[in-house]
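This chain uses plain numbering: 1 for the first residue, then up along the sequence.
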Amino acid sequence: LCSLLHHYIATMNIRSILVQLYYLLIYADGKVNDREISLGKKMMAAEGMDDISFERQLNGLKGKDPQALLRDCIAS
């Protein structure tokens, strides 16, 4: 059970990092469009994340400092 929980937490952390890195990529031009969101949903579905979780995490990143976000991703 402990091993399963550890795997679940590690997987969630990896997905969160993927969302953060994807946000940095699509926000590089200063704006995010619907097509970029749609492609992100497809990418995260392939990683086992549902649309609601993806959008919630993506919305939570709005207004964050890109440099700090990148540092956090690298440190993770």
Side-chain angles (χ1 to χ4, degrees):
L1 182 63
C2 187
S3 176
L4 183 61
L5 182 60
H6 177 70
H7 175 71
Y8 175 77
I9 292 169
T11 301
M12 292 308 294
N13 190 38
I14 290 168
R15 289 177 185 151
S16 178
I17 292 168
L18 285 174
V19 173
Q20 292 172 28
L21 290 171
Y22 186 71
Y23 176 79
L24 289 172
L25 177 67
I26 63 175
Y27 192 73
D29 63 355
K31 56 187 183 264
V32 177
N33 65 45
D34 291 339
R35 185 171 183 270
E36 292 166 329
I37 300 293
S38 177
L39 290 172
K41 287 179 182 179
K42 289 178 183 179
M43 176 186 73
M44 293 313 296
E47 293 297 325
M49 178 182 273
D50 62 273
D51 289 355
I52 294 170
S53 296
F54 172 70
E55 287 188 35
R56 188 176 317 137
Q57 285 190 31
L58 209 58
N59 287 332
L61 296 172
K62 291 179 181 175
K64 301 255 180 172
D65 176 39
Q67 264 86 23
L69 195 54
L70 182 57
R71 279 192 304 272
D72 290 346
C73 287
I74 292 170
S76 296

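Between Leu61 atom CG and Leu24 atom CG the span is 8.0 Å, to the nearest 0.5 Å. Between Ile17 atom CD1 and Asp72 atom CG the span is 9.5 Å, to the nearest 0.5 Å. Here the CD1 atom belonging to Ile74 is positioned 11.5 Å from the CD atom belonging to Gln20, to the nearest 0.5 angstrom. Going from atom CD1 of Ile26 over to atom CG of Leu58 covers 5.0 Å, rounded to the nearest 0.5 Å. Expressed to the nearest 0.5 Å, how far CG of Leu18 lies from CG of Leu25 amounts to 12.0 Å.
Enclosure of atom CG in Asp34 is not indicated, since only 12 or fewer non-hydrogen atoms of other residues, nucleotides or ligands lie within 6.0 angstrom.
The backbone N or O of Glu36 lies less than 3.5 Å from a partner atom in the side chain of Tyr22, making a donor-acceptor pair.
Listed here is the closest heavy atom pair of Phe54 and Ile37: CE2-O, 3.7 Å.
Looking only at side-chain heavy atoms (C-beta outward), Val19 and Met49 come within less than 4.5 Å of each other. Side chains of Glu55 and Lys41 form a contact here, defined as non-hydrogen atoms less than 4.5 Å apart.
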Checklist entry - After noting the C-alpha distance and the side-chain angles of Gln57 and Ser53, does the key distance pass the side chain to side chain donor-acceptor pair (under 3.5 Å) rule? => result CA-CA 6 Å; Gln57 285 190 31; Ser53 296; 5.9 Å; no
